Trainee: 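Once you've had a glance at the structure underneath, I'll fire off some questions.
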Amino acid sequence: MKPDLFEAPDYYNIDDLLSEEHKLVRDAARDWVKRDVSPIIEDAAQKAEFPKSIIGGLAEIGAFGPYIPEEYGGAGLDQISYGLIMQEIERGDSGVRSTASVQSSLVMYPIWKYGTEEQRQKYLPKLASGEWMGSFGLTEPDHGSNPGGMTTNFKDMGDHYVLNGAKLWISNSPFCNVAVVWAKNEEGRIHGLIVERGMEGFSTPETHNKWSLRASATGELIFQDVKVPKENLLPNKSGLGAPLGCLDSARYGIAWGAIGAAMDCYDTALRYSKERIQFGKPIGAFQLQQKKLAEMITEITKAQLLAFRLGQLKNEDRATSAQISMAKRNNVDMAIKIAREARQMLGGMGITGEYPIMRHMMNLESVITYEGTHDIHLLITGLDITGFNAFK
Ligand SMILES: Cc1cc2nc3c(=O)[nH]c(=O)nc-3n(C[C@H](O)[C@H](O)[C@H](O)COP(=O)(O)OP(=O)(O)OC[C@H]3O[C@@H](n4cnc5c(N)ncnc54)[C@H](O)[C@@H]3O)c2cc1C
């Protein structure tokens with residue numbers, strides 16, 4: 001892969017809206033991605049291997065639990081810092097950002113928000129340092145967009161629970177130490193359980209042959225009469241709203257992360273357009289190529305403003321799930337369109353691993369599907385503005 005010459009676009013001086021802390025956190029993540037992610041990521045993606053060597057770095061830049069209080073090992077940052085970290089990581093690779101999102105918003109967040117003090121003390125510091133890695137099991141083979149239909153279930157056996165079922169498409173599953181698993185009790189109520197690797201009957205086979213998020217490990221979580229101690233149930237929230245609360249936090253991070261992928265594609269295409277000569281001129285001198293670049297920077301700028309305002313609302317605890325859906329949907333769609341246009345601007349070179357664009361483009365095909373598909377987020381906005389449920 002070519003050396004990482006990334007320069008972040010900031011067409012509307014959005015940096016002026018950031019605090020010194022925001023910029024410090026963002027720049028530390030940016031420098032780390034340039035130094036430790038860019039040189040190895042293409043190879044990892046080509047080999048379809050999760051680069052475990054980056055776990056320590058992710059912990060150091062505060063990517064594991066950015067907003068989790070410091071007393072539990074988190075970075076104690078605000079929501080805009082969290083978003084900026086996700087933006088920078090996804091500038092490197094959406095798969096690396098996925099690993100961080102799952103760890104922070106889908107594993108640490110529910111333990112912090114819905115768990116007991118003992119659970120917080122036991123799991124959060126180890127997850128924040130990367131000593132333990134976590135996964136989040138909601139999706140099942142027959143229940144993706146409709147997780148409320150899940151069939152994974154647990155029974156109360158007096159002094160423990162017995163868990164049965166299967167989860168599919170689970171990021172980090174092949175190497176996770178712990179999994180936050182959503183399952184129904186005998187009354188059909190959804191609860192979160194912390195399942196640890198090594199519990200008898202728990203296995204995590206890897207899913208192979210992905211063309212997307214190749215540097216992120218994906219797999220299944222299979223439970224065959226797994227004995228789960230009673231103290232592993234998350235007691236403070238149940239029902240579908242509990243996993244959806246985690247998804248809100250992750251989707252918010254994705255709204256920022258997608259900007260990073262888009263910025264990398266735009267920056268790569270802009271630089272290439274000044275260097276690549278055809279018909280005696282740099283291709284950036286042709287109107288058709290300028291139209292692509294001008295539209296890219298316009299869309300990136302709009303997405304930055306959307307994410308920044310959402311961050312302010314999150315900091316004030318005022319962001320609604322529907323507002324988060326809108327930003328996730330818009331920003332991922334923006335990024336995938338920019339990746340496709342940028343890919344074309346590089347001609348044949350655009351399909352190679354010399355440049356990051358094709359990898360971003362393929363990664364974004366997962367990002368537009370997971371954490372609520374593009375269409376599901378549209379239905380959420382539709383329901384919010386009309387009051388009519390068009391899901392069923
Ligand atoms: C790489 C990757 C990593 C993932 N990581 C995780 C993870 O860590 N944990 C986890 O729990 N899950 C994870 N997922 C699962 C992901 O969240 C689901 O794939 C997603 O929710 C969609 O579910 P599905 O694939 O079953 O598609 P389906 O729900 O079968 O949807 C298929 C199509 O039907 C459409 N559709 C569905 N319902 C409606 C409706 N009511 N109206 C209109 N259209 C509809 C959808 O928009 C979609 O286009 C991951 C997925 C991928 C690809």
Side-chain angles (χ1 to χ4, degrees), residues 45 48 50 90 93-110 127 133-152 165-184 190 192-193 195 204-223 240 242-251 253-254 257-258 261 325 328-329 332-333 336 359-383 386 388-392:
F50 170 67
E90 192 146 2
D93 189 78
S94 305
V96 180
R97 199 269 307 134
S98 300
T99 297
S101 288
V102 169
Q103 184 89 341
S104 296
S105 290
L106 302 183
V107 181
M108 296 177 73
Y109 177 88
L127 290 162
M133 295 300 293
S135 68
F136 173 89
L138 182 64
T139 306
E140 299 187 350
D142 294 330
H143 300 96
S145 299
N146 176 25
M150 69 174 65
T151 57
T152 298
K167 301 287 180 180
L168 185 66
W169 293 119
I170 307 305
S171 304
N172 299 356
S173 107
F175 57 80
C176 70
N177 305 89
V178 292
V180 170
V181 177
W182 300 95
K184 285 182 177 164
I190 295 171
L193 295 162
V195 179
T204 61
E206 183 159 359
T207 301
H208 296 287
N209 297 332
K210 292 180 297 166
W211 284 114
S212 176
L213 292 191
R214 287 170 64 81
S216 158
T218 315
E220 298 168 55
L221 303 174
I222 296 175
F223 316 102
L240 192 57
L244 293 185
C246 308
L247 294 181
D248 269 357
S249 178
R251 289 167 177 172
I254 294 171
S325 275
K328 190 269 184 184
R329 181 176 187 273
V332 177
D333 187 52
I336 209 166
R359 178 167 45 79
H360 283 306
M361 192 174 105
M362 295 194 300
N363 282 342
L364 289 162
E365 291 290 345
S366 287
V367 182
I368 205 165
T369 290
Y370 69 22
E371 301 272 353
T373 69
H374 190 61
D375 286 341
I376 291 295
H377 286 297
L378 183 97
L379 295 179
I380 292 172
T381 307
L383 168 62
T386 67
F388 299 124
N389 183 346
F391 283 89
K392 8 183 175 172

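When a ligand or atom number is given, it counts from 1 through the structure's own listing order. When a residue number appears, it is its place in the shown sequence, counting from 1. All values below come from the heavy atoms of this structure, side chains included, with hydrogens, waters and symmetry mates left out. For clarity, every value in this text was computed on a predicted model and none was experimentally measured.
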Trainee: List every atom of ligand 1 that sits less than 4.0 Å from any heavy atom of Phe391, numbering the atoms from 1 in the order shown and giving each element.
Mentor: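 Answer for ligand 1: 41 (N).
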
Trainee: Has Phe388 got more than 12 heavy atoms of other residues, nucleotides or ligands less than 6.0 Å from its CZ?
Mentor: no

Trainee: Does any part of the side chain of Pro243, heavy atoms only, come nearer than 4.5 Å to the side chain of Phe136, both counted from C-beta?
Mentor: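 Phe136 reaches Pro243 side chain to side chain.
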
Trainee: For atom 50 (C) of ligand 1, grab the closest protein heavy atom and report residue, atom and distance to one decimal in Å.
Mentor: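 Nearest protein contact, heavy atoms only, for atom 50 (C) of ligand 1 is Trp169 O, 3.2 Å.
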
Trainee: Suppose I only count heavy atoms of Asp375 and a 4.0 Å limit; which atoms of ligand 1 are within that range?
Mentor: 47 (O)

Trainee: Taking C-beta and beyond as the side chain, do Met150 and Lys167 meet within less than 4.5 Å on heavy atoms?
Mentor: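 The answer is yes; the side chains approach within 4.5 Å.
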
Trainee: Tell me the contacting part of Leu379 for ligand 1: side chain, backbone, both, or neither, using a 4.0 Å heavy-atom threshold, strictly below.
Mentor: side chain

Trainee: Would atom 44 (N) of ligand 1 count as contacted, meaning some protein heavy atom under 4.0 Å?
Mentor: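 Within 4.0 Å: no protein heavy atom nearby.
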
Trainee: In the protein, which heavy atom is nearest to atom 20 (C) of ligand 1, and how far is it?
Mentor: Thr369 O, 3.5 Å

Trainee: Heavy atom under 4.0 Å from ligand 1: found in His143's side chain, backbone, both, or neither?
Mentor: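 Under 4.0 Å from ligand 1, His143 contributes no heavy atoms.
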
Trainee: Identify the heavy atoms of Asn363 and Gly95 that sit nearest to each other, and give their distance.
Mentor: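 Heavy atoms only, the tightest pair is ND2-N, 4.2 Å.
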
Trainee: Nearest protein heavy atom to atom 1 (C) of ligand 1: under 4.0 Å?
Mentor: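 At least one protein heavy atom is under 4.0 Å away.
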
Trainee: What residue and atom, counting heavy atoms only, is the protein's closest point to atom 8 (O) of ligand 1, and at what distance?
Mentor: Ser171 N, 2.9 Å

Trainee: Which residues pass the ring pair (Phe, Tyr, Trp, His ring centres under 6.0 Å) test with Phe50, not counting sequence neighbours?
Mentor: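 For Phe50 the ring pair (Phe, Tyr, Trp, His ring centres under 6.0 Å) partners, ignoring immediate neighbours, are Phe175.
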
Trainee: Is it the side chain (CB and beyond), the backbone, both or neither of Ile170 that lies under 4.0 Å from ligand 1, heavy atoms counted?
Mentor: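 Both backbone and side chain.
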
Trainee: Heavy atoms of the protein only: does one fall short of 4.0 Å from atom 33 (C) of ligand 1?
Mentor: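 It does not; no protein heavy atom is within 4.0 Å.
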
Trainee: For Ser145, counting its heavy atoms only, list the atoms of ligand 1 lying under 4.0 Å from any of them.
Mentor: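 Atoms satisfying the 4.0 Å criterion: 23 (O), 28 (P), 29 (O), 31 (O), 37 (C), 38 (N).
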
Trainee: Please work out, at 4.0 Å between heavy atoms, whether the side chain, the backbone, both, or neither of Leu138 comes within that distance of ligand 1.
Mentor: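 It is both backbone and side chain that touch ligand 1.
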
Trainee: Could you check whether any side-chain heavy atom of Val367 comes within less than 4.5 Å of a side-chain heavy atom of Glu90, counting everything from C-beta outward?
Mentor: yes

Trainee: Please report whether atom 11 (O) of ligand 1 has a protein non-hydrogen atom at a separation of less than 4.0 Å.
Mentor: yes

Trainee: When you measure from atom 15 (C) of ligand 1 to every protein heavy atom, which one gives the shortest distance, and what is it?
Mentor: Thr139 OG1, 3.3 Å

Trainee: Check ligand 1 against Glu371 and write out every atom of the ligand that is under 4.0 Å from a heavy-atom position of the residue.
Mentor: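 Matching atoms, with element in brackets: 17 (O).
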
Trainee: Considering only heavy atoms, which of Ile376, Asn172, Thr373 lies nearest to atom 22 (C) of ligand 1?
Mentor: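 When every heavy atom of Ile376, Asn172, Thr373 is considered, Thr373 comes closest to atom 22 (C) of ligand 1.
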
Trainee: Please work out whether any backbone atom (N, CA, C, O) or any side-chain heavy atom from C-beta onward of Ser366 is under 4.0 Å from ligand 1, and answer side chain, backbone, both or neither.
Mentor: side chain

Trainee: Using a 4.0 Å cut-off to any heavy atom of Leu213, which atoms of ligand 1 qualify?
Mentor: 1 (C)

Trainee: Minimum distance, heavy atoms only, to atom 24 (P) of ligand 1: which one of Gly144, Ser135, Cys176, Pro243 is it?
Mentor: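 It is Gly144 whose heavy atom sits nearest to atom 24 (P) of ligand 1.
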
Trainee: State the atoms of ligand 1, each with its element, that fall below the 4.0 Å cut-off from a heavy-atom position in Tyr370.
Mentor: 2 (C), 3 (C), 4 (C), 16 (C), 17 (O), 50 (C), 51 (C)

